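Computed from heavy atoms alone, side chains included, the values below leave out hydrogens, waters and symmetry copies. Atoms within each ligand, like the ligands themselves, are counted from 1 in listed order. In this text, all values refer to a predicted model and were calculated from it rather than measured experimentally.
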Amino acid sequence: MPIYEFECPKCSMNVTKLCRVGADGGEIECPRCRVFGLKRKLSRFASPGTGGGNACGTCSATSCGSCRNTGDV
Ligand SMILES: [Zn+2]
């Protein structure tokens, strides 16, 4: 599962959550003020075709064993 970063619209706290693909934050609860509906920030993982950063530092792709381990806690 991917790790997404969310931001609380109320207290602006950053929350990093492991959640299912496509989660939009509506079901994520802010640990500080207990508000639901956090805003999802850009994924830490590069999407195919975007040419963004790598998920792991040991390969130039995003699908090696280390990459998978990173997203599968
Ligand atoms: Zn909050």
To the nearest 0.5 Å, what is the distance between [atom1] on [X] and [atom2] on [Y]?
X     : Y     : atom1 : atom2 : result
Glu7  : Asn14 : CD    : CG    : 5.5 Å
Lys39 : Ser12 : NZ    : OG    : 7.0 Å
Phe6  : Glu29 : CZ    : CD    : 13.0 Å

Worksheet item: At distances under 2.8 Å, what protein N, O or S atoms surround the Zn ion (ligand 1)?
Response: Cys8 SG, Cys11 SG, Cys30 SG, Cys33 SG
Worksheet item: Quick one: does Val15's side chain get under 4.5 Å of Pro31's, heavy atoms only?
Response: yes
Worksheet entry | Any Leu38 side-chain heavy atom under 4.5 Å of Lys17 side chain | no
Practice prompt. Check Met13 against Cys30 and note the closest heavy-atom contact, atom names and distance.
Written response: SD-SG, 4.3 Å
